[in-house]
Asks: 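I am attaching a structure below and will ask some questions about it afterwards.
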Amino acid sequence: MAHHTQEDGGIHFPFPFPPYSIQKEFMAELYQVLETGKIGIFESPTGTGKSLSLICGALSWLRDFEQKKQQEEARLLEPGAGPLCDGRELSLLASSSCQEPPDTPRPAGEPDWVTQFLQKKEERDLVERLKEEQVRRRKREERLQQIRHDVRLKYTAKRLRQEEETESLLRLSREILAAGSGVEHLEQLESGEEELVLAEYESDEEKRVANGVDEDEDDLEEEHITKIYYCSRTHSQLAQFVHEVQKSPFGKETRLVSLGSRQNLCVNEEVKNLGSVQLINDRCRDMQRNKHEKSRAEENKPKRRRQESRAACPFYNHEQMQLLRDEILVEVKDMEQLVTLGKEARACPYYGSRFAIPAAQLVVLPYPMLLHAATRQAAGIQLQGQVVIIDEAHNLIDAITGMHSAEVSGSQLCQAHSQLLQYMERYGKRLKAKNLMYIKQILYLLEKFVAVLGGNIRQNPNTQSLSQTGAELKTINDFLFQSQVDNINLFKVQRYFEKSMLSRKLFGFTERYGAVLPASQEQSRLSGFQHFLQSLQSGTAEGAAGAAAPEEEGQAGAPRPASPLMHIEGFLAALTTANQDGRVILSRQGSLSQSSLKFLLLNPAVHFAQVVKECRAVVIAGGTMQPVSDFREQLLACAGVEAERVVEFSCGHVIPPDNILPLVICSGPSGQQLEFTYQKRELPQMMDETGRILCNLCNVVPGGVVCFFPSYEYQRQVYAHWDKSGLLARLAIRKKIFQEPKRASQVEQVLMAYSKCITCCGQVGGTVTGALLLSVVGGKMSEGINFSDDLGRCVVMVGMPYPNVKSPELQEKMAYLDQTLPRSPGQAPPGKALVENLCMKAVNQSIGRAIRHQRDFASIVLLDQRYARPSVLTKLPAWIRDRVEVKATFGSAFAAMRKFHRQKSVPS
């Protein structure tokens, strides 16, 4: 591939082809944001090459930054180099190691000789650190070069690892056989059941275990070089970005690592088959601990005999993972390639990729791994002095809110209480006092949470009817006080959950007791308990709206459900949020099993503040970022970011101006004013007028027409009305009609049929000229689906998709913003502005499905006179806003549509 080098203001931007002018502007602005340490909000419509602009702009800055840093290093390490006259060089060099600049202000009145002494000491320390860093860098480069040019090393290492693995398996088999032949049964526990018993909960013991792990991994510790963290929402988007890097001019020289969850990267089939993310995480950590315990137990085999037979993961081997780390850094790989490499090398891709982070230049990872502090810390991600790029960020606020909110159903509360009570009865005599104390506290919490909903913890939740129904909203403190648990330290309970791994052990207990416990009176009692749990499980699957349990649980091959205590653990962690930043919603739905407790995060900025505080620069990018005010006010200002640090960049589209026709239509063919409010949109005359408009549009628009409705329910009502009135048959004369399915598994099938119909109509001709797809805003088709070329020659938006303002969550969020954000003169209150912004974000995402490349063309029709308001028009993307036409009558709108599509349909 021929690479082109573009120069802008003296900066060279390698690019795989001659870039558009807007791409040059994008890269130049991005470079300046990273160089000056700003927070950038970048908007670049789909089809304008946003990913390549991000890659080439950001990696060009990193290239120049590394060159300047090495030049400063060389100058400072030269024999006889003079002292540094200011802190600029010190700051630059210190940032390369992700440390705070050493030129901190001195106390007032400090003698000059003290200041000079401290400054010289800092310089000497910096020189020593730079020398060490040079040695590490040289060793790393030599190691990677050796792997890159001598493939035999890989196969030699692979053969050695296979031999070691064979010997390890033989040794493990002998140990298991030896353990099985013994007659010793510790306190009459069944074989393997000791894994379910909680270890003694003592901070010294926990520290000793943690230190043992750290000692094993000391050789893997490296200082983190300056790097770019790129995150997006889905693994498919991340894979697409990695492929763009591979095709870019930086594809051969960039050290890139793709991070993912254990669920995506685990190569141990036994663990991967657990299904649930939480179970996979806990089992993986448990197997690591077994490995460290086993290595320590070799010194004292008689005392640790039973624990020696516990499984340790064969893929968790430091030597193997070091080689995998280096192979990751040698060549850019996506997640699938990483998993394949891990299987071949018999090394864990999850930990191998984590070990590659310090030396990597570009780290690609999903949202939660960057935006969730605990996950970030567990992955070994250090943000100090680094660059973060958050792509597809139009829903960043919702993403942060969602990952820090939690909900538990009455069914889950009862189920967890019953399981934990049985666990304590089974193993209570073997547990230390601290374990019993915390278990009793958790049981008390569960009992009080059920009571605050109006239920009884000791009765079946499916048969409990609640006298009071509806939603009640509480502050965190009021909820804890009403539940009578305000005297319990939830921070300590949270730490106990994390250290003891109680949720995983409880799940293991409920998985095995029915089949393993001996036939006795206790067995009979537990069998009844098992039947009760099964009834609860079915109730949970049906009634826990929005719960985190997997859907379609009964289907073959579905992932095993996590312990209900795992969901409750997340809810308790959420309750440690500051009182003013969250609320608890008590939702009572008739029966206890269907009722729930939900934590709602009101201030996502508290979780974003650390990111913007530690990072050198942050870039928030997307195809449609309007309205930008949400990011400025709710996320950045509330996180303490000064307005001067925020930079906005929005580029136009690459298409010619006459390739798009955006229209606001205020009335229909019969003169009916179009205003699809909740009160008017279900009127027969409004649904009839909508049908007549679509009939007219389908007569002049070739190919595909995509029509978005505010909700599934309204789409169903309109469809049924058209079918009854005959409008559906009239529409079918010109377009074959498809509807967006509610089930995600059917989306691909509908899209294929829609696409095939349009292709066939274009080839055959006749009265049917294409297809009409009835979709829903916020549904499966409104995001991530490309309706390019004939698939989307016209996008129609029926009404304005305002959220439900009667929702308790939205009402509380509006009230919170009204209280915390200042009201600008002449502007709507922040709460009201939030509702309009949510609506327009949904609109922008939907209409952005059309126009996907430079030669594409389409019309965009907004059916509602409210779109003509200046406050609404300003929230449209710039490339649409600058060309939109407001049509008061349908006749003038139809004439413009007919002219546009006739001109565009003529072959050039």
Asks: If you measure from CG on Leu565 to CZ on Phe497, what distance do you get to the nearest 0.5 Å?
Replies: 4.0 Å
Asks: Do Ser232 and Asp391 have side-chain N/O donor and acceptor atoms under 3.5 Å apart?
Replies: no
Asks: Distance from Arg376 atom CZ to Leu371 atom CG, nearest 0.5 Å?
Replies: 7.5 Å
Asks: Asn395 side chain to Asp398 main-chain N or O, any donor-acceptor pair under 3.5 Å?
Replies: no
Asks: Could you work out, with ring pair (Phe, Tyr, Trp, His ring centres under 6.0 Å) as the rule, every residue matching His243, not counting sequence neighbours?
Replies: none
Asks: Kindly determine whether Ser591 and Ser593 satisfy side chain to side chain donor-acceptor pair (under 3.5 Å), including the steps that lead there.
Replies: CA-CA 6 Å; Ser591 72; Ser593 63; 3.2 Å; yes
Asks: Can a donor-acceptor pair be found between the side chains of Ser236 and Thr234 at a distance below 3.5 Å?
Replies: yes
Asks: Could you work out, with side-chain contact (heavy atoms from CB on, under 4.5 Å) as the rule, every residue matching His607, not counting sequence neighbours?
Replies: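 Counting only residues at least two positions away or on another chain, His607 forms a side-chain contact (heavy atoms from CB on, under 4.5 Å) with Ile400, His404, Leu601.
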Asks: With side chain to side chain contact (heavy atoms under 4.5 Å, CB included) as the test, would you mind laying out the steps for Leu421 and Glu425 before giving the verdict?
Replies: CA-CA 6 Å; Leu421 194 62; Glu425 289 178 2; 4.1 Å; yes
Asks: After noting the C-alpha distance and the side-chain angles of Gln589 and Ser587, does the key distance pass the side chain to side chain donor-acceptor pair (under 3.5 Å) rule?
Replies: CA-CA 6 Å; Gln589 301 295 330; Ser587 178; 2.6 Å; yes
Asks: Apply side chain to side chain contact (heavy atoms under 4.5 Å, CB included) to the pair Ile442 and His417, showing each step before the final yes or no.
Replies: CA-CA 8 Å; Ile442 295 166; His417 185 276; over 6 Å; no
Asks: Any side-chain to backbone donor/acceptor pair from Arg255 onto Leu329? Under 3.5 Å, distance only.
Replies: no
Asks: When rounded to the nearest 0.5 angstrom, what is the spacing between CD in Gln412 and CD in Glu407?
Replies: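 CD of Glu407 is found 8.5 Å from CD of Gln412.
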Asks: Less than 4.5 Å apart, side chain to side chain, heavy atoms only: is that true for Ser596 and Val408?
Replies: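 No. Closest side-chain heavy atoms not under 4.5 Å.
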Asks: Is any side-chain heavy atom of Glu270 closer than 4.5 Å to a side-chain heavy atom of Arg283?
Replies: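 Yes, side chains in contact.
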Asks: Would you kindly say whether Thr375 and Gln377 are connected by a side-chain donor-acceptor distance under 3.5 Å?
Replies: no
Asks: Ignoring hydrogens and geometry, is there a side-chain-to-backbone donor-acceptor pair from Gln246 to Val332 under 3.5 Å?
Replies: yes
Asks: Is it true that a side-chain atom of Lys227 and a backbone atom of Pro358 form a donor plus acceptor pair closer than 3.5 Å?
Replies: yes
Asks: Do Ile328 and Phe355 have side chains that approach each other closer than 4.5 Å (heavy atoms only, starting at C-beta)?
Replies: no
Asks: Do any N or O atoms from the side chain of Asn264 and from the backbone of Gly260 form a donor-acceptor pair under 3.5 angstrom?
Replies: no
Asks: Report the C-alpha distance between Tyr367 and His372 in whole Å, list the side-chain angles of each, state the deciding distance to 0.1 Å, and finish with yes or no for side chain to side chain contact (heavy atoms under 4.5 Å, CB included).
Replies: CA-CA 8 Å; Tyr367 270 17; His372 193 272; over 6 Å; no
Asks: Examine distances only and state if a side-chain atom of Arg233 and a backbone atom of Leu238 form a donor-acceptor pair shorter than 3.5 Å.
Replies: no
Asks: Tell me the closest heavy-atom pair linking Ala416 and Leu506, and the distance in Å.
Replies: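 Minimum heavy-atom contact is O-CD2, 4.4 Å.
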Asks: Side chain of Gln746, backbone of Arg743: donor and acceptor closer than 3.5 Å?
Replies: no
Asks: Closest approach of Val363 and Leu365, non-hydrogen atoms and distance?
Replies: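 Looks like O-CD2, 3.7 Å.
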Asks: Is the ring centre of Phe449 less than 6.0 Å from the ring centre of Phe571?
Replies: yes
Asks: Tell me the closest heavy-atom pair linking Lys505 and Ser500, and the distance in Å.
Replies: CE-O, 3.6 Å
Asks: Examine distances only and state if a side-chain atom of Thr576 and a backbone atom of Leu572 form a donor-acceptor pair shorter than 3.5 Å.
Replies: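 Checked: no pair found.
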Asks: Could you tell me the separation between the CG atom of Leu324 and the CD atom of Gln322, rounded to the nearest 0.5 Å?
Replies: 11.0 Å
Asks: Could you check Leu259 against Leu265 for side chain to side chain contact (heavy atoms under 4.5 Å, CB included), going step by step and ending with a plain yes or no?
Replies: CA-CA 8 Å; Leu259 300 182; Leu265 291 176; 5.9 Å; no
Asks: Any non-hydrogen side-chain atom of Cys313 less than 4.5 Å from a side-chain atom of Val271?
Replies: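 The answer is no; the side chains never approach within 4.5 Å.
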Asks: Specify the closest pair of heavy atoms between Leu256 and Ser258, including all atoms of both residues, with the distance to one decimal.
Replies: CD2-OG, 3.8 Å
Asks: Just verifying a value: how many Å separate Tyr316 OH and Met321 CE, rounded to the nearest 0.5 Å?
Replies: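 Tyr316 OH to Met321 CE: 5.0 Å, rounded to 0.5 Å.
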Asks: Measure centre to centre between the rings of Tyr427 and Phe509, then say whether the value is under 6.0 Å.
Replies: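 Yes: the rings meet the under 6.0 Å criterion.
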Asks: Taking the side chain as every heavy atom from C-beta outward, state whether Cys414 and Asn460 have any pair of such atoms under 4.5 Å apart.
Replies: no
Asks: Would you check if the side chain of Ser418 reaches a backbone N or O of Gln415 as a donor-acceptor pair within less than 3.5 Å?
Replies: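 No: the side chain of Ser418 does not pair with the backbone of Gln415.
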Asks: Identify the heavy atoms of Val257 and Ala360 that sit nearest to each other, and give their distance.
Replies: CG1-CB, 3.6 Å
Asks: Is there side-chain contact between Glu327 and Leu323, with at least one heavy-atom pair below 4.5 Å?
Replies: yes
Asks: Measure the spacing between CG of Leu420 and CG of Leu443 and express it to the nearest 0.5 Å.
Replies: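 Rounded to the nearest 0.5 Å, the CG-CG separation comes out at 4.5 Å.
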Asks: Sequence neighbours excluded, which residues qualify as side-chain contact (heavy atoms from CB on, under 4.5 Å) partners of Asn281?
Replies: Arg262, Val277, Arg285
Asks: Answer whether the closest heavy-atom distance between the side chains of Tyr351 and Cys284 falls below 4.5 Å.
Replies: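 A side-chain contact exists here, since the closest heavy-atom pair is under 4.5 Å.
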Asks: Can you see whether Ser503 engages Glu569 through a side-chain donor-acceptor pair at a distance of less than 3.5 angstrom?
Replies: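 Glu569 and Ser503 do have a side-chain donor-acceptor pair below 3.5 Å.
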Asks: Quick check: do Phe507 and Arg504 have side-chain heavy atoms less than 4.5 Å from each other?
Replies: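 Side chain of Phe507 against side chain of Arg504, heavy atoms only: no contact under 4.5 Å found.
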Asks: How about CD on Glu498, more than 12 heavy atoms from neighbouring residues, nucleotides or ligands closer than 6.0 Å, or not?
Replies: yes
